[in-house]
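What you see is a predicted model; the values in this text were computed from it and never measured. We use all heavy atoms of the structure for the numbers below, so side chains are in, but hydrogens, waters and symmetry mates are not.
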Amino acid sequence: DTMNYWIKNDRARLEQVIARSHVLILNEDEARELTGELNLANAIEQIQRLGPGTVVVKKGEHGALLADGEDICALPGLPLKTVCDPTGAGDSFAGGFVGCIQRRGSRSNETLRTAVAYGSAVASFCCEDFSAERLRSLTLEELEARVGQLHRLVEFHP
């Protein structure tokens, strides 16, 4: 939550931490501020040069970008008819993302892509109530159903 502080006030130490990271999750404003790039594809490339091979850029209601090496995946956010409070959605995304990786026991590209969907689904539940209240009653079955909704949202056949 203090990324902007570290970018402005102690960039050298921030870059030391980033260099030791395998995965970096940040929002689009942080990515742009960190790199000075408006174009997110260029920003991601610069961030990867700092050390992490995998970068996830959260774009709020517009979803997320995953860059794993040369592979890039763009996943939209789930369209919600009612948003009560988006506070904590970014952290909820990160929790869902990391939880999926832990549950699968792998950091393969397939798992990372799936983890973005789980992150997006958890974040969507977070937005349905004040703060993280909705997450207290969230079941695995509800989460799996929402990931299924997201899959159907992006499924197409050329």
Side-chain angles (χ1 to χ4, degrees), residues 1-80 83 85-128 131-132 135 143 146-147 149-156 158:
D1 289 340
T2 59
M3 175 73 97
N4 298 43
Y5 170 83
W6 295 107
I7 292 169
K8 291 176 186 170
N9 297 305
D10 202 346
R11 186 181 185 96
R13 282 203 299 179
L14 174 62
E15 288 186 9
Q16 288 175 352
V17 171
I18 291 172
R20 297 176 58 198
S21 302
H22 297 282
V23 178
L24 182 64
I25 302 172
L26 67 172
N27 69 41
E28 60 187 314
D29 292 335
E30 293 165 337
R32 289 180 173 118
E33 186 173 348
L34 179 62
T35 62
E37 284 284 344
L38 291 177
N39 180 295
L40 287 177
N42 291 333
I44 288 168
E45 206 171 79
Q46 280 191 32
I47 293 167
Q48 285 177 316
R49 283 197 292 268
L50 292 174
T54 303
V55 177
V56 180
V57 177
K58 302 174 293 177
K59 297 176 54 179
E61 69 180 299
H62 301 290
L65 291 172
L66 164 73
D68 181 39
E70 296 290 317
D71 184 65
I72 295 182
C73 169
L75 198 64
L78 279 161
L80 299 175
V83 174
D85 179 19
T87 304
D91 291 335
S92 297
F93 174 96
F97 180 87
V98 172
C100 177
I101 293 169
Q102 172 62 32
R103 191 161 182 238
R104 290 195 171 204
S106 164
R107 268 199 25 223
S108 69
N109 185 264
E110 179 184 325
T111 294
L112 292 171
R113 285 171 167 258
T114 301
V116 172
Y118 275 85
S120 182
V122 173
S124 73
F125 281 111
C126 180
C127 293
E128 291 181 344
S131 187
L135 301 182
L143 178 58
R146 187 128 327 159
V147 169
Q149 283 180 297
L150 186 56
H151 182 262
R152 286 187 300 281
L153 179 69
V154 298
E155 183 179 27
F156 68 94

Any donor and acceptor pair, going by atom type alone, linking the side chain of R11 with main-chain N or O of L34 inside 3.5 Å?
yes
From CD1 (I72) to CD (E45), nearest 0.5 Å:
8.0 Å
Non-hydrogen side-chain atoms of D91 and C126 separated by less than 4.5 Å
no
I101 side chain near R107 side chain, heavy-atom distance below 4.5 Å
yes
Nearest heavy atoms of L78 and A121, plus distance in Å:
CD1-CA, 4.3 Å
Hey, is E37 close enough to R49 for a salt bridge, meaning N to O under 4.0 Å?
no
Check salt bridge (charged side-chain N to carboxylate O under 4.0 Å, His left out) between R152 and all other residues, then give those that pass, not counting sequence neighbours.
none
So CZ of R104 and OH of Y118: to nearest 0.5 Å the spacing works out to 6.0 Å
Are side-chain heavy atoms of V17 and W6 found at a separation under 4.5 Å?
no
Which distance, rounded to the nearest 0.5 Å, do you find between the OG1 of T54 and the CD1 of I47?
12.5 Å
Heavy atoms, side chains only, cut-off 4.5 Å: are L112 and D71 in contact?
no
Taking atom CD as the centre, does Q102 end up with more than 12 heavy-atom neighbours from other residues, nucleotides or ligands that are less than 6.0 angstrom away?
no
Quick one: pull up CG in L66 and CG in L75 and give me the separation to the nearest 0.5 Å.
9.5 Å
Here the pair of heavy atoms bringing P86 nearest to C127 is CA-SG, 3.9 Å
Could you check whether any side-chain N or O of S120 sits under 3.5 Å from a backbone N or O of A117, counting only pairs where one atom can act as donor and the other as acceptor?
no
Atom of P79, atom of L153 and distance for their closest heavy-atom approach
CD-CD2, 3.8 Å
Could you grab the distance from atom CD of Q16 to atom CG of D10, nearest 0.5 Å is fine?
8.5 Å
For P76 versus L150, what's the shortest heavy-atom pair and its separation?
O-CD1, 3.6 Å
Within the 4.5 Å heavy-atom criterion, are S92 and L135 side-chain neighbours or not?
yes
Looking at E61, I'd like to know if its CD atom is crowded, meaning that more than 12 non-hydrogen atoms belonging to other residues, nucleotides or ligands lie closer than 6.0 Å.
no
For V116 and F93, the nearest pair of non-hydrogen atoms, with its separation, is O-CE1, 3.6 Å
For the residue pair E33 and E30, establish whether any side-chain heavy-atom pair is separated by less than 4.5 Å.
no
Calculate, to the nearest 0.5 Å, the distance between atoms CG and CD1 belonging to D29 and I7 respectively.
10.0 Å
If we only count heavy atoms from C-beta on, is the Q48 to I44 side-chain gap below 4.5 Å?
yes
Is any side-chain heavy atom of R32 closer than 4.5 Å to a side-chain heavy atom of L40?
yes
